[in-house]
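Start at 1 and go down the list; that is how both ligands and their atoms are numbered. Keep in mind it's a predicted model, so treat the numbers as computed, not measured.
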Amino acid sequence: MTDLRRRFVERIRRDGAPLSPQLSAAFAAVPREAFVVDGFQRRDGTWARPGSAGFLEDVYRNDVLVTKLEAGIPVSSSSQPSLMAIMLAALDVQPGDRVLEIGAGTGYNAALLTVLGARVTTVDVQADVVERARSALARTGIAGVRLLAGDGYAGAPGERFDGVIVTVGVAGVSPSWLEQAQPGRLTNATAHAGPRAVGEESTARSGLPGAGEGSGPVGAGRESAGWSGQVGAGDEPVVRSGPIVVPVEHAGTHPVLAVHGLPGRAVGSVQDSVGGAAQGSVGGAAQGLVEGSAAASVTARVVCPSGFMTAAGPLTARHARSHPHPVPADSLAPFGHAAPSRWDRPLDSLAYRDLWYAAGVWSTRATHAAVPGRDGSTLILLDETGTGGAAILPDGSVLSSGAQAPRYAAEATEILDRWESANRPPMHAWRITLALTGDPAAPIWCPATWELDK
Ligand SMILES: C[S@@+](CC[C@H](N)C(=O)[O-])C[C@H]1O[C@@H](n2cnc3c(N)ncnc32)[C@H](O)[C@@H]1O
(Lines give C-alpha, C1' and ligand atoms only; values in the text may rest on other atoms or scores of the structure.)
Protein backbone atom coordinates (compact mmCIF):
# COMPACT_ATOMS: atom_id res chain seq x y z
CA MET A 1 0.00 0.00 0.00
CA THR A 2 2.72 2.46 0.96
CA ASP A 3 4.39 1.60 -2.31
CA LEU A 4 1.17 2.10 -4.24
CA ARG A 5 0.72 5.57 -2.77
CA ARG A 6 4.38 6.48 -3.30
CA ARG A 7 4.04 5.58 -6.99
CA PHE A 8 0.73 7.47 -7.06
CA VAL A 9 2.45 10.66 -5.87
CA GLU A 10 5.22 10.20 -8.45
CA ARG A 11 2.63 9.67 -11.16
CA ILE A 12 0.71 12.83 -10.23
CA ARG A 13 3.94 14.81 -10.38
CA ARG A 14 4.96 13.25 -13.69
CA ASP A 15 1.57 14.09 -15.13
CA GLY A 16 2.14 17.77 -14.64
CA ALA A 17 1.13 18.78 -11.14
CA PRO A 18 3.80 20.73 -9.27
CA LEU A 19 3.53 19.02 -5.89
CA SER A 20 4.77 20.89 -2.83
CA PRO A 21 6.11 18.71 -0.01
CA GLN A 22 2.83 19.34 1.84
CA LEU A 23 0.70 18.24 -1.13
CA SER A 24 2.86 15.15 -1.70
CA ALA A 25 2.48 14.26 1.96
CA ALA A 26 -1.29 14.75 1.78
CA PHE A 27 -1.68 12.48 -1.26
CA ALA A 28 0.58 9.92 0.41
CA ALA A 29 -1.38 10.05 3.67
CA VAL A 30 -5.03 9.84 2.58
CA PRO A 31 -6.29 6.38 1.54
CA ARG A 32 -8.27 7.09 -1.64
CA GLU A 33 -9.86 3.63 -1.56
CA ALA A 34 -11.71 4.55 1.65
CA PHE A 35 -13.68 7.13 -0.36
CA VAL A 36 -14.88 4.72 -3.05
CA VAL A 37 -16.08 1.74 -1.01
CA ASP A 38 -19.18 1.39 -3.18
CA GLY A 39 -16.93 1.12 -6.20
CA PHE A 40 -16.59 3.16 -9.37
CA GLN A 41 -17.01 2.82 -13.07
CA ARG A 42 -13.91 1.74 -14.97
CA ARG A 43 -13.09 3.24 -18.35
CA ASP A 44 -14.36 0.08 -20.04
CA GLY A 45 -17.76 0.67 -18.42
CA THR A 46 -17.49 -2.15 -15.87
CA TRP A 47 -17.90 -1.46 -12.15
CA ALA A 48 -14.82 -1.86 -9.94
CA ARG A 49 -15.56 -3.01 -6.38
CA PRO A 50 -13.32 -3.41 -3.35
CA GLY A 51 -11.78 -6.85 -3.55
CA SER A 52 -12.19 -7.16 -7.31
CA ALA A 53 -9.07 -7.80 -9.35
CA GLY A 54 -6.92 -4.71 -9.81
CA PHE A 55 -9.13 -2.55 -7.58
CA LEU A 56 -6.33 -0.80 -5.72
CA GLU A 57 -4.27 -0.33 -8.89
CA ASP A 58 -7.29 1.39 -10.45
CA VAL A 59 -7.86 3.53 -7.35
CA TYR A 60 -4.26 4.77 -7.49
CA ARG A 61 -4.18 5.67 -11.17
CA ASN A 62 -4.09 9.37 -11.91
CA ASP A 63 -7.64 9.15 -13.14
CA VAL A 64 -11.13 10.30 -12.36
CA LEU A 65 -13.22 7.66 -10.54
CA VAL A 66 -16.91 7.96 -11.44
CA THR A 67 -18.83 6.87 -8.35
CA LYS A 68 -22.43 7.66 -9.30
CA LEU A 69 -24.38 7.66 -12.56
CA GLU A 70 -27.90 8.68 -13.38
CA ALA A 71 -29.32 7.50 -16.70
CA GLY A 72 -25.78 6.63 -17.72
CA ILE A 73 -24.46 10.16 -17.02
CA PRO A 74 -21.85 10.65 -14.26
CA VAL A 75 -23.27 12.74 -11.43
CA SER A 76 -20.53 12.27 -8.85
CA SER A 77 -16.89 11.26 -8.87
CA SER A 78 -13.47 11.62 -7.35
CA SER A 79 -11.70 14.02 -9.71
CA GLN A 80 -8.41 13.35 -11.47
CA PRO A 81 -5.72 13.65 -8.78
CA SER A 82 -3.30 15.79 -10.83
CA LEU A 83 -6.13 18.24 -11.48
CA MET A 84 -6.97 18.24 -7.76
CA ALA A 85 -3.32 18.93 -7.00
CA ILE A 86 -3.18 21.88 -9.41
CA MET A 87 -6.38 23.33 -7.97
CA LEU A 88 -5.22 22.86 -4.38
CA ALA A 89 -1.92 24.54 -5.21
CA ALA A 90 -3.80 27.46 -6.79
CA LEU A 91 -5.86 27.78 -3.62
CA ASP A 92 -2.60 28.12 -1.69
CA VAL A 93 -3.99 26.61 1.51
CA GLN A 94 -2.26 27.63 4.71
CA PRO A 95 -2.69 25.78 8.00
CA GLY A 96 -5.71 27.15 9.82
CA ASP A 97 -7.38 28.51 6.68
CA ARG A 98 -11.13 28.15 6.46
CA VAL A 99 -12.00 26.64 3.10
CA LEU A 100 -15.37 26.27 1.43
CA GLU A 101 -15.61 23.43 -1.06
CA ILE A 102 -18.51 23.24 -3.50
CA GLY A 103 -19.04 19.63 -4.61
CA ALA A 104 -18.20 17.32 -1.70
CA GLY A 105 -18.44 14.23 -3.91
CA THR A 106 -16.60 11.36 -2.27
CA GLY A 107 -15.05 13.60 0.41
CA TYR A 108 -11.51 12.80 -0.79
CA ASN A 109 -10.63 16.41 -1.67
CA ALA A 110 -12.01 17.58 1.68
CA ALA A 111 -9.77 14.99 3.34
CA LEU A 112 -6.70 16.29 1.46
CA LEU A 113 -7.60 19.86 2.47
CA THR A 114 -7.93 18.78 6.10
CA VAL A 115 -4.53 17.08 6.03
CA LEU A 116 -3.14 20.33 4.57
CA GLY A 117 -4.37 22.03 7.74
CA ALA A 118 -7.56 23.64 6.45
CA ARG A 119 -10.84 23.83 8.32
CA VAL A 120 -13.25 22.62 5.67
CA THR A 121 -16.93 23.16 4.99
CA THR A 122 -18.07 21.18 1.97
CA VAL A 123 -21.42 21.32 0.21
CA ASP A 124 -23.05 18.85 -2.16
CA VAL A 125 -26.43 19.07 -3.79
CA GLN A 126 -27.02 15.30 -3.44
CA ALA A 127 -27.92 14.28 0.11
CA ASP A 128 -26.90 10.62 -0.39
CA VAL A 129 -23.51 11.73 -1.69
CA VAL A 130 -23.03 13.88 1.41
CA GLU A 131 -23.85 10.93 3.67
CA ARG A 132 -21.38 8.68 1.87
CA ALA A 133 -18.68 11.33 2.13
CA ARG A 134 -19.46 11.68 5.84
CA SER A 135 -19.03 7.91 6.35
CA ALA A 136 -15.80 7.89 4.34
CA LEU A 137 -14.29 10.70 6.40
CA ALA A 138 -15.32 8.92 9.61
CA ARG A 139 -13.80 5.67 8.30
CA THR A 140 -10.44 7.35 7.77
CA GLY A 141 -10.56 9.16 11.10
CA ILE A 142 -10.42 12.57 9.43
CA ALA A 143 -12.35 14.84 11.76
CA GLY A 144 -13.61 18.38 11.64
CA VAL A 145 -15.07 18.55 8.14
CA ARG A 146 -18.46 20.25 8.09
CA LEU A 147 -20.71 18.64 5.46
CA LEU A 148 -23.78 20.40 4.13
CA ALA A 149 -26.45 19.09 1.78
CA GLY A 150 -27.79 21.77 -0.52
CA ASP A 151 -27.19 23.80 -3.64
CA GLY A 152 -23.69 25.23 -3.58
CA TYR A 153 -25.00 28.46 -5.08
CA ALA A 154 -25.74 29.59 -1.52
CA GLY A 155 -22.30 28.57 -0.25
CA ALA A 156 -22.42 28.26 3.53
CA PRO A 157 -24.57 31.17 4.73
CA GLY A 158 -23.26 32.97 7.77
CA GLU A 159 -19.72 31.58 7.46
CA ARG A 160 -16.52 33.29 6.34
CA PHE A 161 -13.72 31.61 4.40
CA ASP A 162 -10.15 32.28 3.35
CA GLY A 163 -10.68 30.45 0.08
CA VAL A 164 -13.30 28.67 -1.99
CA ILE A 165 -12.66 25.64 -4.19
CA VAL A 166 -15.31 24.49 -6.62
CA THR A 167 -15.02 20.92 -7.89
CA VAL A 168 -17.86 20.90 -10.37
CA GLY A 169 -18.21 22.75 -13.67
CA VAL A 170 -20.15 26.00 -13.43
CA ALA A 171 -21.11 28.90 -15.67
CA GLY A 172 -19.84 31.48 -13.21
CA VAL A 173 -19.17 32.55 -9.67
CA SER A 174 -21.96 32.80 -7.13
CA PRO A 175 -22.18 36.19 -5.37
CA SER A 176 -22.49 34.18 -2.12
CA TRP A 177 -18.94 32.85 -2.51
CA LEU A 178 -17.60 36.36 -2.98
CA GLU A 179 -19.47 37.52 0.10
CA GLN A 180 -18.28 34.56 2.15
CA ALA A 181 -14.67 34.74 0.95
CA GLN A 182 -13.10 36.89 3.62
CA PRO A 183 -11.65 40.07 2.18
CA GLY A 184 -8.59 39.81 4.30
CA ARG A 185 -5.58 38.61 2.45
CA LEU A 186 -3.23 41.38 1.50
CA THR A 187 -1.79 40.81 -1.90
CA ASN A 188 0.41 42.78 -4.22
CA ALA A 189 -1.68 41.25 -6.95
CA THR A 190 0.84 38.62 -7.86
CA ALA A 191 -0.38 35.11 -7.48
CA HIS A 192 -0.52 31.82 -9.25
CA ALA A 193 -1.59 31.93 -12.81
CA GLY A 194 -1.14 28.24 -12.74
CA PRO A 195 1.02 25.51 -14.05
CA ARG A 196 0.94 24.82 -17.72
CA ALA A 197 -0.53 21.45 -17.09
CA VAL A 198 -3.88 19.93 -17.48
CA GLY A 199 -6.29 17.84 -15.66
CA GLU A 200 -9.52 16.59 -16.97
CA GLU A 201 -12.49 15.51 -14.99
CA SER A 202 -15.12 13.31 -16.34
CA THR A 203 -16.28 14.46 -19.73
CA ALA A 204 -14.81 11.25 -21.08
CA ARG A 205 -17.54 9.38 -19.29
CA SER A 206 -20.38 11.59 -20.37
CA GLY A 207 -20.48 10.24 -23.88
CA LEU A 208 -18.76 13.28 -25.27
CA PRO A 209 -16.28 12.83 -28.02
CA GLY A 210 -12.84 12.03 -26.79
CA ALA A 211 -12.73 14.77 -24.22
CA GLY A 212 -11.41 12.65 -21.43
CA GLU A 213 -7.99 12.87 -19.95
CA GLY A 214 -5.32 11.42 -22.12
CA SER A 215 -7.55 11.09 -25.12
CA GLY A 216 -8.35 14.39 -26.70
CA PRO A 217 -6.67 17.66 -27.37
CA VAL A 218 -8.65 19.42 -24.71
CA GLY A 219 -8.63 16.71 -22.20
CA ALA A 220 -5.24 15.15 -22.44
CA GLY A 221 -2.54 17.45 -21.22
CA ARG A 222 0.20 15.51 -19.64
CA GLU A 223 2.90 18.06 -20.22
CA SER A 224 4.38 19.69 -17.19
CA ALA A 225 5.69 23.13 -16.75
CA GLY A 226 6.26 25.45 -13.89
CA TRP A 227 4.12 28.11 -12.40
CA SER A 228 3.87 31.05 -14.63
CA GLY A 229 2.47 34.49 -14.93
CA GLN A 230 1.09 37.02 -12.54
CA VAL A 231 -2.50 37.37 -11.62
CA GLY A 232 -2.82 41.04 -11.03
CA ALA A 233 -2.12 44.02 -13.14
CA GLY A 234 -0.66 46.36 -10.57
CA ASP A 235 2.05 46.32 -7.94
CA GLU A 236 0.13 48.13 -5.24
CA PRO A 237 -0.97 46.02 -2.32
CA VAL A 238 -4.70 45.55 -2.38
CA VAL A 239 -7.07 43.72 -0.09
CA ARG A 240 -9.07 41.22 -2.05
CA SER A 241 -11.43 38.46 -1.17
CA GLY A 242 -9.58 35.18 -0.90
CA PRO A 243 -9.11 33.21 -4.04
CA ILE A 244 -11.95 31.28 -5.55
CA VAL A 245 -10.63 28.37 -7.60
CA VAL A 246 -13.38 27.38 -9.96
CA PRO A 247 -13.85 25.58 -13.30
CA VAL A 248 -15.91 27.94 -15.44
CA GLU A 249 -17.46 26.95 -18.77
CA HIS A 250 -15.62 28.23 -21.83
CA ALA A 251 -16.00 26.89 -25.36
CA GLY A 252 -17.37 23.54 -24.24
CA THR A 253 -14.72 22.92 -21.57
CA HIS A 254 -14.14 24.17 -18.02
CA PRO A 255 -10.83 25.98 -17.66
CA VAL A 256 -10.07 26.39 -13.97
CA LEU A 257 -10.01 30.06 -12.99
CA ALA A 258 -8.46 31.78 -9.99
CA VAL A 259 -11.02 34.48 -9.23
CA HIS A 260 -10.66 37.46 -6.93
CA GLY A 261 -13.24 40.00 -5.93
CA LEU A 262 -12.35 43.51 -4.95
CA PRO A 263 -14.78 44.45 -2.23
CA GLY A 264 -16.82 47.57 -2.56
CA ARG A 265 -20.11 49.07 -1.65
CA ALA A 266 -21.36 49.03 -5.20
CA VAL A 267 -24.08 46.63 -6.11
CA GLY A 268 -23.62 44.67 -9.26
CA SER A 269 -25.74 45.11 -12.32
CA VAL A 270 -27.03 42.25 -14.36
CA GLN A 271 -25.91 42.26 -17.96
CA ASP A 272 -27.98 40.34 -20.39
CA SER A 273 -26.87 41.22 -23.84
CA VAL A 274 -23.71 40.68 -25.78
CA GLY A 275 -22.00 42.97 -28.19
CA GLY A 276 -18.69 42.78 -29.94
CA ALA A 277 -18.08 39.09 -29.44
CA ALA A 278 -15.32 39.28 -32.02
CA GLN A 279 -13.56 41.79 -29.79
CA GLY A 280 -13.97 39.49 -26.86
CA SER A 281 -16.03 41.97 -24.97
CA VAL A 282 -19.51 42.13 -23.65
CA GLY A 283 -21.46 45.26 -24.24
CA GLY A 284 -25.12 45.96 -24.01
CA ALA A 285 -27.32 47.53 -21.47
CA ALA A 286 -27.15 46.75 -17.82
CA GLN A 287 -30.54 45.61 -16.63
CA GLY A 288 -31.77 45.38 -13.09
CA LEU A 289 -29.69 45.98 -10.01
CA VAL A 290 -28.80 43.11 -7.78
CA GLU A 291 -28.72 44.09 -4.16
CA GLY A 292 -26.28 42.69 -1.70
CA SER A 293 -23.34 41.86 -3.89
CA ALA A 294 -20.20 42.44 -1.86
CA ALA A 295 -17.92 42.63 -4.84
CA ALA A 296 -17.43 45.73 -6.92
CA SER A 297 -15.04 44.20 -9.39
CA VAL A 298 -14.31 40.58 -10.08
CA THR A 299 -11.31 39.45 -12.09
CA ALA A 300 -9.76 36.11 -12.97
CA ARG A 301 -6.90 34.26 -14.60
CA VAL A 302 -6.84 30.78 -16.09
CA VAL A 303 -5.06 28.25 -13.86
CA CYS A 304 -5.28 25.27 -16.19
CA PRO A 305 -7.57 23.71 -18.75
CA SER A 306 -9.96 21.04 -17.60
CA GLY A 307 -13.33 19.48 -18.23
CA PHE A 308 -15.67 18.86 -15.31
CA MET A 309 -19.10 17.38 -14.89
CA THR A 310 -21.68 20.15 -14.90
CA ALA A 311 -23.32 21.48 -11.75
CA ALA A 312 -27.02 21.37 -11.08
CA GLY A 313 -29.12 24.49 -10.47
CA PRO A 314 -28.44 28.19 -11.01
CA LEU A 315 -24.66 27.73 -11.13
CA THR A 316 -25.03 26.57 -14.72
CA ALA A 317 -27.43 29.25 -15.89
CA ARG A 318 -27.10 30.13 -19.54
CA HIS A 319 -26.17 33.71 -20.27
CA ALA A 320 -25.29 35.95 -23.18
CA ARG A 321 -21.68 34.73 -23.38
CA SER A 322 -22.53 31.02 -23.01
CA HIS A 323 -21.03 28.79 -25.65
CA PRO A 324 -23.00 25.93 -27.17
CA HIS A 325 -22.88 22.63 -25.32
CA PRO A 326 -20.36 20.14 -26.73
CA VAL A 327 -21.75 18.16 -29.61
CA PRO A 328 -22.11 14.42 -29.10
CA ALA A 329 -20.85 11.92 -31.64
CA ASP A 330 -22.95 11.45 -34.78
CA SER A 331 -24.74 14.80 -34.50
CA LEU A 332 -22.76 16.56 -37.21
CA ALA A 333 -23.18 16.39 -40.97
CA PRO A 334 -20.04 15.43 -42.96
CA PHE A 335 -17.39 18.13 -43.18
CA GLY A 336 -15.40 19.17 -46.26
CA HIS A 337 -12.07 20.99 -46.58
CA ALA A 338 -12.42 24.77 -46.48
CA ALA A 339 -8.84 25.98 -45.85
CA PRO A 340 -5.57 24.07 -46.15
CA SER A 341 -3.18 23.29 -43.34
CA ARG A 342 -1.07 26.31 -42.37
CA TRP A 343 1.57 24.69 -40.13
CA ASP A 344 3.94 21.86 -41.11
CA ARG A 345 4.04 20.78 -37.50
CA PRO A 346 0.55 20.59 -36.00
CA LEU A 347 0.08 22.39 -32.70
CA ASP A 348 0.79 20.22 -29.69
CA SER A 349 -2.13 19.65 -27.34
CA LEU A 350 -1.10 22.55 -25.12
CA ALA A 351 -0.91 25.09 -27.95
CA TYR A 352 -4.14 23.74 -29.41
CA ARG A 353 -5.86 24.45 -26.10
CA ASP A 354 -4.42 27.97 -26.13
CA LEU A 355 -5.94 28.48 -29.58
CA TRP A 356 -9.16 26.91 -28.30
CA TYR A 357 -9.31 29.36 -25.41
CA ALA A 358 -8.76 32.34 -27.74
CA ALA A 359 -11.45 31.01 -30.10
CA GLY A 360 -13.85 30.97 -27.13
CA VAL A 361 -12.98 34.59 -26.39
CA TRP A 362 -13.54 35.68 -29.98
CA SER A 363 -16.57 33.56 -30.82
CA THR A 364 -19.59 32.66 -28.74
CA ARG A 365 -20.11 29.68 -31.11
CA ALA A 366 -16.87 27.89 -30.11
CA THR A 367 -17.25 24.48 -28.53
CA HIS A 368 -16.07 20.93 -29.14
CA ALA A 369 -17.36 18.08 -31.17
CA ALA A 370 -16.59 14.73 -32.70
CA VAL A 371 -16.07 15.71 -36.29
CA PRO A 372 -16.92 12.76 -38.55
CA GLY A 373 -13.80 10.99 -39.75
CA ARG A 374 -11.54 12.45 -37.05
CA ASP A 375 -10.38 10.97 -33.76
CA GLY A 376 -10.82 12.84 -30.52
CA SER A 377 -12.56 16.12 -29.90
CA THR A 378 -12.11 19.07 -32.17
CA LEU A 379 -12.50 22.81 -31.78
CA ILE A 380 -15.56 23.81 -33.74
CA LEU A 381 -17.59 26.95 -34.39
CA LEU A 382 -21.05 25.46 -34.29
CA ASP A 383 -23.75 26.93 -36.51
CA GLU A 384 -27.23 27.71 -35.22
CA THR A 385 -28.63 24.40 -36.47
CA GLY A 386 -26.18 22.54 -34.23
CA THR A 387 -25.21 20.19 -37.07
CA GLY A 388 -22.62 22.19 -39.04
CA GLY A 389 -20.20 25.09 -38.89
CA ALA A 390 -16.42 25.10 -39.11
CA ALA A 391 -13.82 22.93 -37.40
CA ILE A 392 -10.29 24.21 -36.71
CA LEU A 393 -7.73 21.41 -36.71
CA PRO A 394 -4.34 21.43 -34.94
CA ASP A 395 -2.50 21.89 -38.26
CA GLY A 396 -4.46 25.10 -38.88
CA SER A 397 -6.67 23.67 -41.58
CA VAL A 398 -10.38 24.40 -41.56
CA LEU A 399 -13.23 22.04 -42.35
CA SER A 400 -16.78 23.22 -42.81
CA SER A 401 -20.29 21.92 -43.17
CA GLY A 402 -23.89 23.06 -43.54
CA ALA A 403 -25.74 25.92 -45.18
CA GLN A 404 -23.63 28.54 -43.39
CA ALA A 405 -20.31 26.80 -44.19
CA PRO A 406 -18.62 29.75 -45.98
CA ARG A 407 -19.49 32.19 -43.20
CA TYR A 408 -18.18 29.92 -40.44
CA ALA A 409 -15.08 28.96 -42.43
CA ALA A 410 -14.28 32.67 -42.83
CA GLU A 411 -14.72 33.21 -39.10
CA ALA A 412 -12.45 30.26 -38.34
CA THR A 413 -9.77 31.67 -40.65
CA GLU A 414 -10.10 35.06 -38.98
CA ILE A 415 -9.58 33.46 -35.55
CA LEU A 416 -6.45 31.66 -36.78
CA ASP A 417 -5.06 34.90 -38.28
CA ARG A 418 -5.81 36.80 -35.15
CA TRP A 419 -4.23 34.22 -32.84
CA GLU A 420 -1.09 34.22 -34.95
CA SER A 421 -0.83 37.99 -35.15
CA ALA A 422 -1.21 38.12 -31.34
CA ASN A 423 1.82 35.78 -31.15
CA ARG A 424 -0.17 32.73 -30.11
CA PRO A 425 -1.17 33.91 -26.62
CA PRO A 426 -1.32 31.17 -23.98
CA MET A 427 -4.55 30.87 -22.05
CA HIS A 428 -3.04 32.27 -18.87
CA ALA A 429 -2.16 35.50 -20.71
CA TRP A 430 -5.80 36.61 -20.69
CA ARG A 431 -6.93 39.05 -18.01
CA ILE A 432 -10.58 38.23 -17.45
CA THR A 433 -13.22 40.51 -16.00
CA LEU A 434 -16.47 38.98 -14.83
CA ALA A 435 -19.90 40.58 -14.94
CA LEU A 436 -23.03 39.77 -13.00
CA THR A 437 -25.47 38.09 -15.33
CA GLY A 438 -28.13 35.44 -15.64
CA ASP A 439 -31.41 35.24 -13.79
CA PRO A 440 -31.78 38.35 -11.59
CA ALA A 441 -33.23 36.07 -8.91
CA ALA A 442 -30.04 33.98 -8.85
CA PRO A 443 -27.34 35.91 -10.73
CA ILE A 444 -23.79 34.71 -11.28
CA TRP A 445 -20.54 36.46 -12.15
CA CYS A 446 -19.49 35.21 -15.58
CA PRO A 447 -16.48 35.97 -17.76
CA ALA A 448 -17.47 38.99 -19.81
CA THR A 449 -14.38 40.76 -21.11
CA TRP A 450 -10.88 39.58 -21.87
CA GLU A 451 -7.68 41.52 -22.38
CA LEU A 452 -4.30 40.17 -23.29
CA ASP A 453 -1.20 41.00 -21.30
CA LYS A 454 0.83 43.55 -23.15
C1 LIG B 1 -16.63 15.89 -9.41
S2 LIG B 1 -17.65 15.68 -8.04
C3 LIG B 1 -16.72 16.43 -6.73
C4 LIG B 1 -15.48 15.68 -6.36
C5 LIG B 1 -15.16 15.81 -4.90
N6 LIG B 1 -14.61 17.10 -4.56
C7 LIG B 1 -14.28 14.67 -4.43
O8 LIG B 1 -13.20 14.93 -3.85
O9 LIG B 1 -14.67 13.53 -4.57
C10 LIG B 1 -18.88 16.92 -8.30
C11 LIG B 1 -19.93 16.97 -7.21
O12 LIG B 1 -20.61 18.21 -7.34
C13 LIG B 1 -21.92 18.01 -6.88
N14 LIG B 1 -22.78 19.11 -7.37
C15 LIG B 1 -23.36 19.26 -8.59
N16 LIG B 1 -24.06 20.41 -8.62
C17 LIG B 1 -23.92 20.99 -7.40
C18 LIG B 1 -24.43 22.17 -6.81
N19 LIG B 1 -25.22 23.01 -7.48
N20 LIG B 1 -24.08 22.44 -5.53
C21 LIG B 1 -23.29 21.59 -4.81
N22 LIG B 1 -22.80 20.44 -5.33
C23 LIG B 1 -23.10 20.15 -6.59
C24 LIG B 1 -22.30 16.65 -7.43
O25 LIG B 1 -23.36 16.11 -6.69
C26 LIG B 1 -20.99 15.89 -7.30
O27 LIG B 1 -20.98 15.11 -6.15
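Contact annotation for Val168 and ligand 1: only side-chain heavy atoms (C-beta onward) come within less than 4.0 Å of the ligand. The residue Ala110 has no part lying near ligand 1, judged by heavy-atom distances below 4.0 Å. At a heavy-atom cutoff of 4.0 Å, ligand 1 is contacted by both the backbone and the side chain of Asp124. Heavy atoms of Val75 found under 4.0 angstrom from ligand 1 belong exclusively to the backbone. By the criterion of a heavy-atom distance under 4.0 Å, neither the backbone nor the side chain of Lys68 is placed next to ligand 1.
Partner of His254 under the side-chain contact (heavy atoms from CB on, under 4.5 Å) criterion, out of Val246, Val170, Thr310: Thr310 alone. For the side-chain contact (heavy atoms from CB on, under 4.5 Å) with Met427, the lone residue among Val361, Leu355, Val303, Asp354 that qualifies is Asp354. Paired with Ser24 under the rule side chain to side chain donor-acceptor pair (under 3.5 Å), one option of Arg13, Glu10, Arg6 passes, and it is Arg13.
Short contacts between ligand 1 and Asn109, defined as distances under 4.0 Å to a heavy atom of the residue, involve ligand atoms 6 (N), 8 (O). Near Thr167, the atoms of ligand 1 lying under 4.0 angstrom from a non-hydrogen atom of the residue are 1 (C), 2 (S), 3 (C), 4 (C), 5 (C), 6 (N), 10 (C). Taking every heavy atom of Glu101 and a limit of under 4.0 angstrom, the matching atoms of ligand 1 come to 6 (N). Near Thr106, the atoms of ligand 1 lying under 4.0 angstrom from a non-hydrogen atom of the residue are 7 (C), 8 (O), 9 (O). Counting atoms of ligand 1 from 1 in the listed order, those under 4.0 Å from a heavy atom of Ser79 are 1 (C), 4 (C). Remark: ligand 1 atoms within the under-4.0 Å shell around heavy atoms of Gln126 are 24 (C), 25 (O). Proximity to Leu315 (heavy-atom distance under 4.0 Å) selects the following atoms of ligand 1: 19 (N). Within ligand 1, the atoms closer than 4.0 Å to a non-hydrogen atom of Ala311 are 15 (C), 16 (N), numbered from 1 in the order shown.
When the options Val125, Leu148, Leu113, Ile165 are ranked by their closest heavy atom to atom 18 (C) of ligand 1, first place goes to Val125.
Proximity of the aromatic rings of Phe55 and Tyr60 is defined here by a centroid distance below 6.0 angstrom, and this criterion is not met. Aromatic ring centroids of His368 and Trp356 lie under 6.0 Å apart.
Within the structure, ligand 1 lacks Tyr153 among the residues with a heavy atom less than 4.0 angstrom away. Between Gly313 and ligand 1 there is no heavy-atom distance shorter than 4.0 Å. Not a single heavy atom of Ala133 sits under 4.0 Å from any atom of ligand 1.
Checked by atom type and distance alone, the side chain of Arg365 pairs as donor or acceptor with a backbone atom of Leu382 at under 3.5 Å. Between the side chain of Thr316 and the main chain of Ala311, a donor-acceptor pair closer than 3.5 Å is present.
Residue-to-ligand polar distances place Gly152 within reach of ligand 1: an N/O pair is separated by less than 3.5 Å. Residue Thr310 has no nitrogen or oxygen atom sitting less than 3.5 Å from a nitrogen or oxygen atom of ligand 1, judged on distance alone. Ligand 1 has no nitrogen or oxygen under 3.5 angstrom from a nitrogen or oxygen of Val129.
Contact between Ala391 and Val371 at its shortest, heavy atoms only, is CB-CG2, 3.9 Å.
Salt-bridge formation is not detected for the pair Arg49/Asp38: no Lys NZ or Arg NE/NH1/NH2 atom is positioned less than 4.0 Å from an Asp or Glu carboxylate oxygen. With respect to the salt-bridge test (charged N to carboxylate O, under 4.0 angstrom), the residues Asp58 and Arg42 qualify.
Tyr357 and Trp430 have tilted rings, their planes meeting at an angle from 30° to 60° on a 0 to 90° scale.
Remark: Leu88 CG to Glu101 CD distance equals 8.5 Å, nearest 0.5 Å.
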